[in-house]
Student: 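Sharing a structure below in structure tokens format, with a few things to ask.
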Amino acid sequence: MKECTVRECTIIKEKLTDLKEYKVADRFKDLKKEQKVEMLKRMFQIRYFEMEVEQFILKGQIYGTCHLYIGEEANAVGAMNAIRKNDWIVSHHRGHGHCIAKEADLKLMMAELIGKGNGYCKGKGGSMHIADMDTYNLGANGIVGGGMGVAVGASLTNKLKKNDGVVIGFIGDASTNNGIFHESLNLASVWDLPLIFYCENNQYGMSTPIIKSTRIKRISDRKASYNVKGVTIDGNNIVDVFNTVSHFAEVCRKGEGPVLIEALTYRQRGHSKHDSQVYRTKDEVEQWKEYDPIVRYREFLIESGIISEDEAKKIEEKAIEDIKAAAAFAEASPYPDLSELETDVYAD
Amino acid sequence: MKECTVRECTIIKEKLTDLKEYKVADRFKDLKKEQKVEMLKRMFQIRYFEMEVEQFILKGQIYGTCHLYIGEEANAVGAMNAIRKNDWIVSHHRGHGHCIAKEADLKLMMAELIGKGNGYCKGKGGSMHIADMDTYNLGANGIVGGGMGVAVGASLTNKLKKNDGVVIGFIGDASTNNGIFHESLNLASVWDLPLIFYCENNQYGMSTPIIKSTRIKRISDRKASYNVKGVTIDGNNIVDVFNTVSHFAEVCRKGEGPVLIEALTYRQRGHSKHDSQVYRTKDEVEQWKEYDPIVRYREFLIESGIISEDEAKKIEEKAIEDIKAAAAFAEASPYPDLSELETDVYAD
Amino acid sequence: MSELTYLEAIRDGIREVMKEDERVFLIGEDIGLYGGSFGLTNGLFAEFGAERVRDTPISEAAIIGASAGAAVTGMRPILEIMFSDFTACGMDQLLNQAAKIRYMFGGKAKVPMVLRTASGGGAGFGPHHSQSWEAIFAHIPGLKVVMPSCPYDAKGLLISAVRDNNPVIFLEHKVLYKNKKYAQEVPEGIYTIPLGKAEVKRQGKDLSIVASSYMVQKSLEAAEELSKQGIDCEVVDLRTIRPLDIDTVMASVEKTGKLLCVEEACSFGSFMGEVITQVIEKGFDYLDAPPIRIAGKNCPVPYSYILEQEMIPNVDRIKDGILKVLGKN
Amino acid sequence: MSELTYLEAIRDGIREVMKEDERVFLIGEDIGLYGGSFGLTNGLFAEFGAERVRDTPISEAAIIGASAGAAVTGMRPILEIMFSDFTACGMDQLLNQAAKIRYMFGGKAKVPMVLRTASGGGAGFGPHHSQSWEAIFAHIPGLKVVMPSCPYDAKGLLISAVRDNNPVIFLEHKVLYKNKKYAQEVPEGIYTIPLGKAEVKRQGKDLSIVASSYMVQKSLEAAEELSKQGIDCEVVDLRTIRPLDIDTVMASVEKTGKLLCVEEACSFGSFMGEVITQVIEKGFDYLDAPPIRIAGKNCPVPYSYILEQEMIPNVDRIKDGILKVLGKN
Ligand SMILES: Cc1ncc(C[n+]2csc(CCOP(=O)(O)OP(=O)(O)O)c2C)c(N)n1
Ligand SMILES: Cc1ncc(C[n+]2csc(CCOP(=O)(O)OP(=O)(O)O)c2C)c(N)n1
Ligand SMILES: [Mg+2]
Ligand SMILES: [Mg+2]
């Protein structure tokens, strides 16, 4: 796989390859081929899903706003493949990727995004609130950091029920400056909860580079405040992501959590629907694109002889088809019935 | 001065003397005798003030609750003597000591405590809210951590006005688990604000030992999350306190703040007016009393020939007198006029 | 059946639901060995152990968030926020997360949690420990808000709140906690009082007083005193303010034609504004005098006893209000 | 004098106060180079520099707290909370600290700060970005709450808010921001509109509509449409809801005898309950029909356009309300 040899990303001054200091077992190599292929498929699904969303944006069908995950796919897919189907996750505003990686129904997602009544939230949530209890996904969130407390609670449930479930709370780099991050990780630490905070450090919170919103070199350094385990990894390398999360999921299942993982990655698009991107150069974006996680993983699979060029193409085409079908389904779906407006406020 | 040679306090397993790793210059020795004496006087004032408050409690004159500072006097007095009169401080619910050390009027404090109309807050605040703009004291606070944001703002004012003022935010050990601690110190760090968070680690937050509410060995370890300077000191040794705060106040004035100081200390009384203290042993309290900060400083001054036994006695007696006068003043003062109830809500 | 204070009755209710349902657990600051700031959870730590009676750091946001997360994944937390004013530190987790999860998820999740907290003034705790914030909580769709006025109700409502499948804010009045004057015979074991049902605590024909929590007690006192002058007040205890049992209120107002609302919160923007507005919308013609609100003054709750008593409605002010509605002063 | 949108007018006001008073500075997330989430502060960073236009981390509590601390020590911060829903993350610093410092300190301090924030729905941002929380803010003594309805008012009120010596919550309606339909001639330079003064935006004799912010615009539209049917509505724009200019409201109600309150917030526990309650207390006899509230439905603000439009009052619902108050349907 192509390594980020010369990357001087916005936050770290050393090379991504220097991140190898934290050694975990290579469990990826033991995976069945199907799963390795499945991972590529999901990455493509996310990529094409988001590109389809861009089309909906252009057509004016995305009301309000939404946040695309393009460029960050290795994180969601790598992490989700390292945990079990019935392990809970909590996502954030940039949540489509987590949702898809957790095997949500693409059709219901797309329907929600364009405000249809059969979408995941019956059109009540939209992009920033898609949740899917069936795939153990506790939802995106409109409040930066808002899901962190919920993630602590889900992992507390595991502990109280004495099962060996683990919870991943996906969080953004900039969200770690919010008080709830501190309270949540501290509480999880005091109670040894099986919780992984997986921080997708895509270098920016909206327009603000992380180096301007905090003075630390690595977000994972914040582990010191809670005496928990933590590490910084290359979040554009799905093999690293998979191996690291596999390792720490085990740590958590043994009662030695929580854990703070920082994954260096990059969002290739603007922050949200409207973003003139004055805060970064085209050059920076282009440089990061060279380390596109899908390109890297695809090449890696081919180079290591796991799949052929041809298979790769087929996987990609199938993903495109899946997305087209989801989009068609969404467009053909009905808008919510007005009688639904005031339902679902209270449970019986 | 008597050192805490065998102390195994609730939080640290090493001896307090081991804290000497962080070397700062001994500026204390260069102080004029008057100031050294003044420091002892203030410590006595605080001690006797609080003992007088205990009497008011017994007489049923303290309405609601209040939190006594007995045993922690070296912190307030040492720190306040290391900064300037026009440096702002922000205090917390256990605030009488800070107030007195900042040279508030004892009479107006006592009047406030028993709800009199000429008290510092006209009886509107009580123990948890005494503030004194004249001595640059931004007040106690009923919300644990509530004053931290305000402290950041005060130091931001210094920066914006380009003066070389420094701000001390006094905080409790347990308050550092609140989100506002994290946000405040991070923001202060990003802006290089001249702010010292002075954490009085008295081992407990109400009934909860700090070792149960966080998993770190030292609270000052949290400096790592913000890339700021920090240190843990013996908070029952006023010379250490003075020297450390002097040093870091200079650091802040040079624009190299903020700083997190953790001072190990102990509250000799219960948490508040009502506290059965089931959570600790009498023995633990007695052990800490051997390291009473006033006894230690008094002995130190005498042993090093700075004052005589006799002078020490006079200083103590004068403090007792001051407090008696304050109590008498307070008792003789009138209750607030009912017409004052709805004033002071808005400024013109 | 034994005579319990308000605090003891709530504790009793907690114990009952913990025995009946192992998904129920407690979470809060100093609620374990220490028994909570008011001693309400005394003994529960010994009885149920550290797993189910969980002391926390001072982290209101995480406490509320963790409760919501535990609730949505199958548990039934009862969390204690020591003083209701401190909910401000976890307001996002409460108003934006817990309250909205069900709706945002399109009805596919439920969040059964009870946030117990000490509300109200009158105990000298000053501006940060004495507020009455029911108007804030009740304004948020997704939350239920309960304000018991007496031990019997408190236990029955607590049990209902824990069995309810929604986030419930359970506002306990700190002045009622240990006051022997308001102690009551409280049945042992489980019994429930439905959320959303008001109760007429005193029958009367001249005027309807609507109140909740401690103000019910003060209103009953005022009614009793004025009954000696032949004034016959009805006292409606809302018990739950969201859902609001406006039917019981309307029935009373229809009978008496007069309405006095009594509440401790600052009057400006208060919850009783909602009650009056609904009564007016639904029963303008029943009323033969303008309804009046007796409420807290529009300032923070001051510390000094004399000021605090002036800030909060007392029996005399309520009596004045009654006379005013009746046109007698 | 030039034609400005609401957003441009507010920016213009900010620029004016920054020029006039060097104690004024801006603090908030992405307000610098990026110009804020809605572009409102565009250009101010270039004009005033990084010292006075301060980008912050995502730390609402610290932003609000730091503003209060700066204010009490002599500065005049204008802070931006991107969406008003996010104030929940800093609620303690706002309701317990900023609002109460003066009172708690016995009147010896003042806290001149303006918290600007985008409020309201109608832009498809969903449950966490669309709420109308004026009832919450207005309930807290110590806070002032401003809700401008048009560019001219917005600029004048902003300048007054910054000159005011109290914490002011300045609720900007995100749907008004860039809407050219509501652009207005706005004078250059400094001018002020006093806080606490309502304005009659349309004279009429049949009925008084009381509204604020965007709902004033919708009410004016409804009034215009019904005028074709000979119905003559007066529209009172509260402009500031705390202090509330109840006199102007009463004068209008005295004239028309009828009251319709229009607001976007969820109706249950809403601010207009306060207005109706005060009107009833003070002018029960003026009214010859029960006042009605047209408000948001009692649910979170949904994402889907069709649902969102149903949740928020629209011109048709306002017209229905008018007819209902007039007994015409
Ligand atoms: C409490 C809160 N503050 C501000 C926002 C506005 N906002 C939405 S996303 C975002 C940036 C988040 O950055 P990060 O956590 O790094 O996630 P990313 O967008 O980079 O994936 C901001 C400021 C919000 N939604 N919630
Ligand atoms: C936000 C908040 N939560 C809880 C409380 C109740 N409370 C008051 S003091 C205290 C303990 C504080 O401990 P620490 O910060 O260590 O200060 P100490 O009392 O030990 O001086 C608690 C829990 C409060 N006042 N505010
Ligand atoms: Mg980011
Ligand atoms: Mg402590």
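This one's a predicted model, so the numbers in the text were calculated from it and none came from an experiment. Residue numbers begin at 1 in each chain, while the letters A, B, ... track the order of the sequences.
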Student: Output the distance between atom OH (D/Tyr103) and atom NZ (B/Lys122), rounded to the nearest 0.5 Å.
Tutor: 9.5 Å
Student: To the nearest 0.5 Å, tell me how far D/Glu60 CD sits from B/Glu183 CD.
Tutor: 7.0 Å
Student: Hey, which residues of residues 91-108 of chain B are touching chain D, say heavy atoms under 4.5 Å apart?
Tutor: none
Student: Please report the shortest heavy-atom distance between D/Leu143 and B/Tyr346, naming the atom on each side.
Tutor: O-OH, 2.6 Å
Student: Please report the interatomic distance CD1(D/Ile101) to CG(B/Asp344), rounded to the nearest 0.5 Å.
Tutor: 13.5 Å
Student: Can you give me the closest heavy-atom contact between D/Val72 and B/Met133, atom names plus distance?
Tutor: O-CE, 3.5 Å
Student: If I compare all heavy atoms of B/Asn186 with all of D/Pro57, which pair ends up nearest, and what's the gap?
Tutor: ND2-CG, 3.6 Å
Student: Is the closest side-chain heavy-atom distance between D/Thr56 and B/Trp191 below 4.5 Å?
Tutor: yes
Student: Using every non-hydrogen atom in the two residues, find where D/Ala62 and B/Ser184 come nearest and quote the distance to one decimal.
Tutor: CB-N, 4.1 Å
Student: Would you call B/Asn141 and D/Asn96 a side-chain contact if the rule is heavy atoms closer than 4.5 Å?
Tutor: no
Student: So which part of B/Leu341 gets closer than 4.5 Å to some heavy atom of chain D, the side chain, the backbone, both or neither?
Tutor: both
Student: Are there residues of residues 149-165 of chain B that reach to under 4.5 Å of chain D by heavy atoms, and which ones?
Tutor: B/Gly149, B/Val150, B/Val152, B/Gly153, B/Ala154, B/Leu156, B/Thr157, B/Lys159, B/Leu160, B/Lys161
